[in-house]
Novice: 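Before I ask anything, here is the structure I am working with.
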2 protein chains.
Amino acid sequence: MAEREREYEMGDAELEVLRALWELRSATVRQVLDYLRSHGRHVAYTTVQTFLTRLEQKGVAKSDRRDLAYVYRATVSRERVSRSRLRSLLTQLYDGAAGPLVLQLVRSETLTPDELGELQKLIDRLDSRTKRTNP
Amino acid sequence: MAEREREYEMGDAELEVLRALWELRSATVRQVLDYLRSHGRHVAYTTVQTFLTRLEQKGVAKSDRRDLAYVYRATVSRERVSRSRLRSLLTQLYDGAAGPLVLQLVRSETLTPDELGELQKLIDRLDSRTKRTNP
DNA sequence: CCCGACCTACTACTTATGTCGGAGGAATCC
DNA sequence: GGATTCCTCCGACATAAGTAGTAGGTCGGG
C-alpha cells in the first residue's frame with residue numbers, strides 16, 4: 001500500500017454517512033437514510049447499513065443496540081477528520097506548507113466579515129507573539 | 001457512482017506521479033521512477049508506467065515520443081488541482097464555507113512572518129472593500 | 001394467527017486504485 | 001552477433017469503495 005497511513009481513511013460516500021452522524025448526533029440506519037434522502041442523496045437502505053458497518057470497522061463510529069435497532073454515533077469529531085484530511089492535502093500538494101493554501105483560500109473564497117474579524121484577531125495575536133520573541 | 005463529478009479525480013499514488021511531472025517539467029517513465037526513488041518511494045518501473053498511462057487517460061498529462069522513450073508532461077497546473085481538491089474538501093466537510101477552514105489552518109499550522117504579512121495585506125484590502133460597500 | 005413493516009446478517013457485483021510480471025522490439029556493448 | 005539493457009504493450013490480481021439483493025428474525029394489528 002502507498003506508505004501513507006492517513007488516519008481517517010474513507011471514501012466520499014462513507015464520509016457523507018459520517019456527516020449524517022455528526023448532524024444527527026446519533027441515529028439508526030433508517031434515520032441516516034432519511035437524512036440523506038432529505039438532502040437529495042438516494043441510496044438503498046442496505047447501502048447505508050453497509051456504510052455504517054464499515055465506518056464502525058474503521059473505528060470512526062460505534063453502535064449500540066436500542067430496542068430493536070442499532071443506534072450509531074460517530075466516535076471522531078468533524079474537526080479531527082477535517083484536520084487529518086487537510087494535513088494530507090497540505091502534504092500532497094504543498095509539501096506541508098500552510099501559507100500558500102491559506103492565501104489561496106482567503107483570495108478565492110468568500111469569508112464573512114465575522115470570519116475576517118476572527119482572522120484579524122488571530123493574526124494580531126500571532127504577530128505580537130512574534131515580536132516578543134523577535135524584538 | 002457518487003454523483004460528484006470532481007474535476008481531477010485520482011488516487012494518492014497517481015497524484016505523486018503527477019507531482020513528479022510538475023517538478024521535472026517533463027520526464028520519461030524512468031526519470032519519474034528515479035525521482036520517486038530519490039524521494040524514498042519504491043515502486044516498479046511498470047507501476048510508474050501504468051500511472052502515467054492512467055494520468056494521460058484522465059487528461060491531466062500528455063505524452064510525446066522522443067527518441068525511443070515517451071516523454072510525459074502535466075497538462076494541468078498544481079494550482080488547478082489544488083483548487084479543485086480544496087473545494088471538494090470544503091464542500092465535504094464545511095458545506096463550502098471557507099472561514100472555519102482558514103481559521104483552523106492559521107491556528108494549527110505555522111505560517112512564516114512573510115506569509116502572515118501577506119495575509120494581513122489581503123485582509124486589509126478585503127476590509128476596506130467591505131467598508132466602502134457597507135459604510 | 002397471519003400480514004406487512006422493520007431490522008440484521010450475508011453475499012455479491014462493479015469500478016477504481018495500487019502494483020507488477022512477461023512478451024517482444026530496438027539500441028548498445030563487448 | 002549474442003547478451004544486456006531499455007522501452008512499450010498487455011494482462012493480471014488484490015483491496016477498497018459504492019451499491020444493492022436476499023434470507024430470515026421480530027413486532028404490532030386485525
Side-chain angles (χ1 to χ4, degrees), chain A residues 1-20 26-37 39-72 81 85 88 92, chain B residues 1-20 26-37 39-72 81 85 88 92:
Chain A
M1 78 240 57
E3 92 299 314
R4 152 190 31 292
E5 20 57 32
R6 208 194 305 163
E7 201 95 42
Y8 307 108
E9 193 84 55
M10 74 187 86
D12 292 351
E14 287 173 334
L15 183 55
E16 279 180 320
V17 170
L18 187 55
R19 290 188 55 174
S26 104
T28 61
V29 173
R30 185 151 303 274
Q31 290 172 324
V32 169
L33 177 65
D34 291 344
Y35 176 89
L36 293 177
R37 293 245 155 106
H39 284 254
R41 190 80 169 62
H42 288 270
V43 283
Y45 182 92
T46 45
T47 301
V48 175
Q49 194 184 29
T50 301
F51 286 145
L52 284 169
T53 304
R54 289 185 184 163
L55 287 176
E56 186 163 24
Q57 277 162 4
K58 295 180 182 190
V60 297
K62 72 177 176 15
S63 66
D64 175 20
R65 187 118 192 167
R66 260 281 179 277
D67 300 301
L68 55 155
Y70 280 107
V71 173
Y72 292 82
V81 173
R85 297 228 151 185
S88 154
Q92 287 176 158
Chain B
M1 77 242 51
E3 91 299 315
R4 161 184 24 294
E5 23 54 33
R6 208 193 304 163
E7 200 97 42
Y8 307 107
E9 191 85 56
M10 76 188 84
D12 292 352
E14 286 172 336
L15 183 55
E16 280 181 319
V17 170
L18 187 54
R19 291 189 55 173
S26 103
T28 61
V29 174
R30 185 150 304 273
Q31 290 172 324
V32 169
L33 178 65
D34 291 345
Y35 176 89
L36 293 177
R37 292 243 156 107
H39 284 252
R41 190 78 168 64
H42 286 271
V43 284
Y45 181 92
T46 44
T47 300
V48 175
Q49 195 183 29
T50 301
F51 287 145
L52 284 169
T53 304
R54 290 184 184 164
L55 287 176
E56 186 163 23
Q57 276 163 5
K58 293 180 183 189
V60 297
K62 70 177 179 13
S63 66
D64 174 21
R65 189 116 191 172
R66 261 275 180 281
D67 300 301
L68 55 156
Y70 280 106
V71 173
Y72 292 82
V81 173
R85 295 225 150 187
S88 152
Q92 286 176 157

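Side chains included, hydrogens not; waters and symmetry mates left out as well; all remaining heavy atoms used. Residue numbers begin at 1 in each chain, while the letters A, B, ... track the order of the sequences.
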Novice: C:dC6 phosphate, OP1 or OP2: any side-chain N/O from A:Y70 under 4.0 angstrom?
Specialist: no

Novice: Check B:L36 against B:V48 and note the closest heavy-atom contact, atom names and distance.
Specialist: CD1-CG2, 4.1 Å

Novice: Could you state the CD-P distance from A:Q92 to C:dT17, rounded to the nearest angstrom?
Specialist: 13 Å

Novice: Contact class for A:Y45 vs. all strands (heavy atom < 4.0 Å): base, sugar-phosphate, or nothing?
Specialist: base

Novice: Between D:dA20 atom P and A:L33 atom CG, what is the distance in whole Å?
Specialist: 10 Å

Novice: CD of A:Q31 versus C1' of C:dC7: gap in Å, rounded?
Specialist: 13 Å

Novice: For a quick test of reading the model, state the closest non-hydrogen atom pair linking B:Y8 to B:R85 and the distance between them.
Specialist: O-NH2, 4.2 Å

Novice: Consider the side chain of A:D12, meaning its heavy atoms from C-beta on, and name the nucleotide among D:dG18, D:dG21, C:dG18 that approaches it most closely.
Specialist: D:dG18

Novice: For DNA chain D, what residues of residues 49-67 of chain A have any heavy atom nearer than 4.0 Å?
Specialist: A:T50, A:F51, A:R54, A:K58

Novice: Can you find a heavy atom in the side chain of B:R54 that is under 4.5 Å from one in the side chain of B:T50?
Specialist: yes

Novice: Minimum heavy-atom separation for A:T28 and A:A69, please, with both atom names.
Specialist: CG2-CB, 4.2 Å

Novice: Kindly give the heavy-atom pair with the smallest separation between B:R41 and B:A13, and that separation in Å.
Specialist: NH2-CB, 3.9 Å

Novice: Are side-chain heavy atoms of B:K58 and B:E14 found at a separation under 4.5 Å?
Specialist: yes

Novice: Test of understanding: with side chain to side chain donor-acceptor pair (under 3.5 Å), list the residues that count as partners of B:K62, not counting sequence neighbours.
Specialist: none

Novice: Using a cut-off of strictly less than 4.0 Å, decide whether A:R30 has a side-chain nitrogen or oxygen near OP1 or OP2 of C:dC6.
Specialist: no

Novice: If you measure from CD on A:Q92 to CG on B:L18, what distance do you get to the nearest 0.5 Å?
Specialist: 11.5 Å

Novice: For the side chain of B:A44, starting at C-beta, report the closest nucleotide among C:dC20, C:dG18, C:dC7.
Specialist: C:dC20

Novice: Taking for each residue the nucleotide of DNA chain D with the nearest heavy atom, is it B:Y72 or A:H42 whose nucleotide lies nearer the 5' end?
Specialist: B:Y72

Novice: Report the distance from atom CD of A:E16 to atom P of D:dA17, rounded to the nearest whole Å.
Specialist: 14 Å

Novice: Rounded to the Å, how far apart are B:R41 CZ and C:dC20 P?
Specialist: 8 Å

Novice: Would you sort out whether B:R37 and B:L33 count as a side-chain contact (heavy atoms from CB on, under 4.5 Å), showing the intermediate values?
Specialist: CA-CA 6 Å; B:R37 292 243 156 107; B:L33 178 65; 3.9 Å; yes

Novice: What about A:T47, does its side chain sit under 3.5 Å from the base of D:dG18 through a donor-acceptor pair?
Specialist: no

Novice: Whole angstrom is fine here: how far is it from CG in A:L18 over to P in D:dA17?
Specialist: 13 Å

Novice: Whole angstrom is fine here: how far is it from CE in A:M10 over to C1' in C:dT17?
Specialist: 18 Å

Novice: So do the side chains of A:Y70 and A:V29 get within less than 4.5 Å of each other, counting heavy atoms only?
Specialist: no

Novice: Using the 3.5 Å cut-off, write out each protein N or O paired with an N or O of nucleotides 23-30 of chain C and the distance between them.
Specialist:
none

Novice: Can you tell me which nucleotide in D:dA17, C:dC7, D:dC9 comes closest to the side chain of A:A69?
Specialist: C:dC7

